[in-house]
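See below for the structure under consideration.
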Amino acid sequence: GKCRAIGVSNYQIEHIKDLISYCEIIPTINQIEYHPALYPKQQILFCSSYDIFVWGYSPLGVGKLLKDPIVNQISHEKGVSPAVILLRWALQKGTGVIPKSSNPSRLIENLTVFQVTLNENDMKALN
């Protein structure tokens with residue numbers, strides 16, 4: 001059979017250009033590490049120009065951003081966990097996110113991401 005859609009992981013701009021040069025099917029998704037401390041703007045713009053959706057993994061910065069003072073200040077103001085703030089940041093940037101947890105209470109907590117919105121100042125502070 002034929003492949004109708006493909007996804008790639010950790011493809012940089014040069015990898016995508018190379019793939020597009022010989023591939024009949026342009027990837028629909030590029031899964032990359034993505035969080036406020038690692039925001040590859042040029043890569044995201046490039047993907048967007050080819051309608052490649054960016055799906056981010058490690059949205060908590062491998063847990064390091066949970067202790068970030070700015071993240072904690074915003075989470076305190078909004079009454080949600082730092083993890084929810086980081087997930088919301090990525091969603092408001094227009095990407096998908098892959099939060100990883102095996103803890104049932106954290107999985108439920110992650111769903112509160114849809115009950116909070118970050119304002120322009122919050123987004124600027126996290127950028």
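Throughout, residue positions are numbered sequentially from 1 according to the sequence presented.
- Under the 4.5 Å side-chain heavy-atom criterion for grouping Ile, Leu, Val, Met, Phe, Trp and Tyr, Tyr50 is not connected to Val54 through any hydrophobic cluster.
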Verify side chain to side chain contact (heavy atoms under 4.5 Å, CB included) between Leu19 and Ile6, making sure each step is shown before the conclusion. CA-CA 11 Å; Leu19 182 64; Ile6 61 171; 4.2 Å; yes
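- Looking only at distances, a side-chain donor or acceptor of Arg88 sits under 3.5 Å from a matching main-chain atom of Val116.
- Side-chain atoms of Tyr34 and Ile44, non-hydrogen and from C-beta on, do get closer than 4.5 Å to each other.
- Other residues, nucleotides and ligands contribute over 12 non-hydrogen atoms within 6.0 Å of the CD atom of Glu14.
- Side-chain contact, Tyr11 with Asp18: no donor N or O sits under 3.5 Å from an acceptor N or O.
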For Lys78 and Asp122: C-alpha separation, side-chain torsions, deciding distance, then whether salt bridge (Lys or Arg N to Asp or Glu O under 4.0 Å) applies. CA-CA 10 Å; Lys78 303 287 184 187; Asp122 297 332; 3.1 Å; yes
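- Under the 4.5 Å side-chain criterion, counting only non-hydrogen atoms from C-beta, Leu65 is not in contact with Pro82.
- Going from atom CD of Gln31 over to atom OG1 of Thr95 covers 11.5 Å, rounded to the nearest 0.5 Å.
- Across every non-hydrogen atom of Pro59 and Leu86, the tightest pair is O-CB, 3.6 Å.
- Taking Gln115 as the reference, nothing meets the side chain to side chain donor-acceptor pair (under 3.5 Å) condition, with sequence neighbours excluded.
- Residues forming a side-chain contact (heavy atoms from CB on, under 4.5 Å) with Leu38 (at least two apart in sequence, or on another chain): Glu33, His35.
- Taken to the nearest 0.5 Å, the OG atom of Ser21 stands 12.5 Å off from the CD1 atom of Ile16.
- Because its NZ or CZ atom is both nearer than 6.0 Å to the ring centre of Tyr39 and within 45° of the ring axis, Lys93 counts as a cation-pi partner of that residue.
- A side chain to side chain donor-acceptor pair (under 3.5 Å) check over residues 102-114, counting only residues at least two apart or in different chains, returns the pairs Ser81-Glu109, Asn103-Ser105.
- Between atom CD of residue Glu77 and atom CG of residue Asn72 there is a gap of 11.0 Å, rounded to the nearest 0.5 Å.
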Worked verdict on Val97 versus Leu91 for side chain to side chain contact (heavy atoms under 4.5 Å, CB included): CA-CA 7 Å; Val97 289; Leu91 290 174; 4.2 Å; yes
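- If you take OH on Tyr57 and CG on Asn10, they are separated by 3.5 Å, rounding to the nearest 0.5 Å.
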Carefully, step by step, assess Ile85 and Leu126 under the rule side chain to side chain contact (heavy atoms under 4.5 Å, CB included). CA-CA 9 Å; Ile85 295 300; Leu126 291 167; 3.9 Å; yes
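- Cluster annotation: Ile98 is not connected to Trp89 through the hydrophobic network of ILVMFWY side chains, with a link wherever side-chain heavy atoms come within less than 4.5 Å.
- Taking every heavy atom of both residues into account, Ile52 and Asn30 meet most closely at CG2-N, 3.6 Å.
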Should Phe53 and Trp55 be marked as a ring-ring contact (aromatic ring centres under 6.0 Å, His included) after you check the CA-CA gap, both sets of side-chain angles, and the distance that decides it? CA-CA 6 Å; Phe53 186 72; Trp55 200 273; 5.6 Å; yes
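- With hydrogens and angles disregarded, a donor-acceptor distance shorter than 3.5 Å links the side chain of His15 to the backbone of Gln12.
- Inter-residue side-chain proximity for Ile74 and Leu118 is flagged as met; some heavy-atom pair is nearer than 4.5 Å.
- From Ile20, atom CD1 reaches atom CZ of Phe46 across 5.0 Å, with rounding to the nearest 0.5 Å.
- Under the 4.5 Å side-chain heavy-atom criterion for Ile, Leu, Val, Met, Phe, Trp and Tyr, Ile26 and Ile13 are members of the same hydrophobic cluster.
- Ile32 approaches Pro40 most closely through the heavy-atom pair CD1-CG, 3.6 Å.
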